[in-house]
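To start, the structure itself, in structure tokens.
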Amino acid sequence: MKIKSFLLGIAGVALSLNATAQDTDKIDVSAYVAPNSGVPQASAKVLEGKLNNIITAAGFGATVNQRFILTSRVNILTEDVTPTTPPMYAYTLSFDLYLGDGETGTLFTSTQVEAKGVGPTKDKAYLQALKALNPRDPAMKQFLADGKQKIVDYYLKNGPSIIQHAQMLAKNQNFDEAIYELSTIPAACGALYEQANGLMQKIYTEQITQQGNADLAEARAIWSAGMDRDAADKAGAILARINPQSPAYASAQALSKEISARVKAIDQREWNLTLQKQKDETAVRKAQLQATRDVAMAYAKNQPKIVYRIHWW
């Protein structure tokens, strides 16, 4: 029974790690509604939401400010008024969908689908047609599958230079940017992805090692300068930041004990510091995967808004 429970536990951890990996391995695509998309301003948000639905339905990651975009030009094919009481407005819209590299203006693939909408006013009929756009339309699925392969081909072609650039960034202490660039290479790239992922973990380890050593040195300096309870509290706040996987962690534990003994000796009061806890190997791997993802996401959020250069219609 114990062996069975152990095996089940290992299987659960493996599934958890796999789920984390899958969640971070999606190809990120942004929904983009261009000023000349042919959509009334009041309907632009509806179209953007529909494009995001299409992105997620295809297994992409719907994320803002990405170089790869899904966009659409909307054309009115028919506009009719029904001979009913009250009269109803009917639209047939053509959605010209485009997926490509918005930074360079390179179009990967395109398709055209139609949707109909009926409503008591022109605006409501138009919105109904927008909402009727079906992410699971067969033509849509093929279009997105073709687009996904084009993005993978892009990374297979440019991946080696991305990895080389990330190595240079890490060498120049630009760890966050290096991790972000490596994180963009999707799992569908196979061996290239494994290479990027391995390098990403290595760079993250180098980052926490360097930061841990810096925090330890700062804490020691503060403690040595004061050696009282105030200095202990300030040094302790810095020691608490040190990642358990950093080589500085053992020294942080030793300094914490030294501070605790000194504070107790000078004012007969206990001083306790709760450092981050060590984890087992599997938990460490899972935490590191999440940590590198968090670093990449934080870096991406702080980047200037991309100016898309598209001339696809």
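Along the sequence shown, residues are numbered consecutively beginning with 1. Keep in mind that this is a model prediction, so the values were computed, not measured.
With hydrogens and angles disregarded, a donor-acceptor distance shorter than 3.5 Å links the side chain of T292 to the backbone of Q288. Listed for the N174 side chain is no donor-acceptor partner under 3.5 Å among the backbone atoms of E177. Proximity of a side-chain donor or acceptor of R73 to a complementary backbone N or O of N36 within less than 3.5 Å is detected. Looking only at distances, a side-chain donor or acceptor of N134 sits under 3.5 Å from a matching main-chain atom of R136. Judged by distance alone, the side chain of S256 and the main-chain N or O of A252 form no donor-acceptor pair under 3.5 Å. Side-chain atoms of T111 never come within 3.5 Å of backbone atoms of L97 as a donor-acceptor pair (strictly under, hydrogens ignored). Between the side chain of N158 and the backbone N or O of Y154, at least one donor-acceptor pair lies under 3.5 Å. In terms of modelled atom types and a separation under 3.5 Å, the side chain of T56 and the main chain of N52 share a donor-acceptor contact.
Counting heavy atoms from C-beta outward, L255 and L239 have side chains that approach closer than 4.5 Å. N243 places none of its side-chain heavy atoms less than 4.5 Å from the side chain of Q211. Residues I259 and R262 have side chains not in contact (no heavy-atom distance under 4.5 Å, counting atoms from C-beta outward). A 4.5 Å side-chain heavy-atom check between Q195 and I185 finds every atom pair outside the cut-off. A 4.5 Å side-chain heavy-atom check between V33 and L51 finds at least one atom pair inside the cut-off. Contact of the L182 side chain with the I179 side chain is not registered, since no non-hydrogen atoms from C-beta on lie closer than 4.5 Å. Contact check for K141 versus D137: no side-chain heavy atoms found under the 4.5 Å cut-off.
Hydrophobic clustering, with ILVMFWY side chains joined whenever heavy atoms are under 4.5 angstrom apart, groups V295 together with F175. Using a 4.5 Å cut-off between side-chain heavy atoms of Ile, Leu, Val, Met, Phe, Trp and Tyr, with links allowed through other members, I162 and L199 fall into the same hydrophobic cluster. Connection of I222 to I242 is not established within any shared hydrophobic cluster, with ILVMFWY side chains joined at heavy-atom distances below 4.5 Å, either directly or through further cluster members. Both F143 and V152 are assigned to one and the same hydrophobic cluster, defined by single-linkage of ILVMFWY side chains at heavy-atom distances under 4.5 Å. L77 and V113 are assigned to two separate hydrophobic clusters, defined by single-linkage of ILVMFWY side chains at heavy-atom distances under 4.5 Å.
Distance check, rounded to the nearest 0.5 Å: CD1 of I203 to CE of M200 gives 9.0 Å. Residue E114 holds its CD atom at 6.5 Å from CD of Q112, rounded to the nearest 0.5 Å. Separating the OG1 atom in T109 from the CG atom in L99 is a distance of 7.5 Å, to the nearest 0.5 Å. To the nearest 0.5 Å, atom CD1 of residue I54 and atom CG of residue L70 are 6.0 Å apart. Between L144 atom CG and M140 atom CE the span is 7.0 Å, to the nearest 0.5 Å.
Scanning both residues, A178 and A166, for their nearest heavy atoms gives CB-O, 3.4 Å. Smallest separation of non-hydrogen atoms from G159 and L192: CA-CD2, 3.6 Å. Considering every non-hydrogen atom in both P244 and Y249, the closest pair reads CA-CD1, 3.4 Å. In this structure, T209 and P247 approach most closely via the heavy-atom pair OG1-CD, 3.3 Å. Considering every non-hydrogen atom in both A219 and A235, the closest pair reads O-CB, 3.5 Å. Here the shortest heavy-atom pairing between F95 and A115 reads CE1-CB, 3.6 Å.
The aromatic rings of Y180 and Y299 lie tilted to each other, with the angle between the two planes from 30° to 60°. By the 30° and 60° cut-offs, the orientation of the rings of Y155 relative to F68 is perpendicular.
For D123, the side chain to side chain contact (heavy atoms under 4.5 Å, CB included) criterion is met by T121, not counting sequence neighbours. Remark: R67 pairs with D101, E103 by the salt bridge (Lys or Arg N to Asp or Glu O under 4.0 Å) rule, at least two apart or across chains. Partners of T78 by side-chain hydrogen bond (donor to acceptor under 3.5 Å, both in side chains), not counting sequence neighbours, listed by chain and number: T92. Under the side-chain hydrogen bond (donor to acceptor under 3.5 Å, both in side chains) criterion, E258 pairs with W223, sequence neighbours left out. The salt bridge (Lys or Arg N to Asp or Glu O under 4.0 Å) check on R229 picks up D267, with sequence neighbours excluded.
In this structure, I306 belongs to a hydrophobic cluster whose other members, linked by side-chain heavy atoms under 4.5 Å apart, are Y32, I69, Y98, L107, Y308, I310, W312, W313. Cluster note: V81 groups with Y89 through ILVMFWY side-chain heavy atoms spaced under 4.5 Å, whether in direct contact or through intervening members. Members clustered with V118: M88, by chain and number, using a 4.5 Å side-chain heavy-atom cutoff among hydrophobic residues.
Counting only N and O atoms by type, the side chains of Q210 and Q173 include a donor and acceptor under 3.5 Å apart.
Of the candidates Q142, K148, K150, Q149, D146 forms a side-chain hydrogen bond (donor to acceptor under 3.5 Å, both in side chains) with just one, namely Q142.
Judged as a salt bridge (Lys or Arg N to Asp or Glu O under 4.0 Å), the pairs with a partner in residues 231-257 (not counting sequence neighbours) are, in order, D215-R241, E218-R241, D230-K234. Within the structure, salt bridge (Lys or Arg N to Asp or Glu O under 4.0 Å) contacts touching residues 76-97 (residues at least two apart or in different chains) are E79-K122. Residue pairs meeting the side-chain hydrogen bond (donor to acceptor under 3.5 Å, both in side chains) criterion with at least one partner in residues 160-171, sequence neighbours excluded, are H165-E181.
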Report, one line per pair, each donor and acceptor closer than 3.5 Å where one atom sits in a side chain of residues 41-50; sequence neighbours left out.
unit_1	atom_1	unit_2	atom_2	d
K50	NZ	K131	O	2.9
K50	NZ	L133	O	3.1

Inset, instruction - List the steps and the verdict of side chain to side chain contact (heavy atoms under 4.5 Å, CB included) for D28 and S30. - result: CA-CA 7 Å; D28 289 327; S30 290; over 6 Å; no
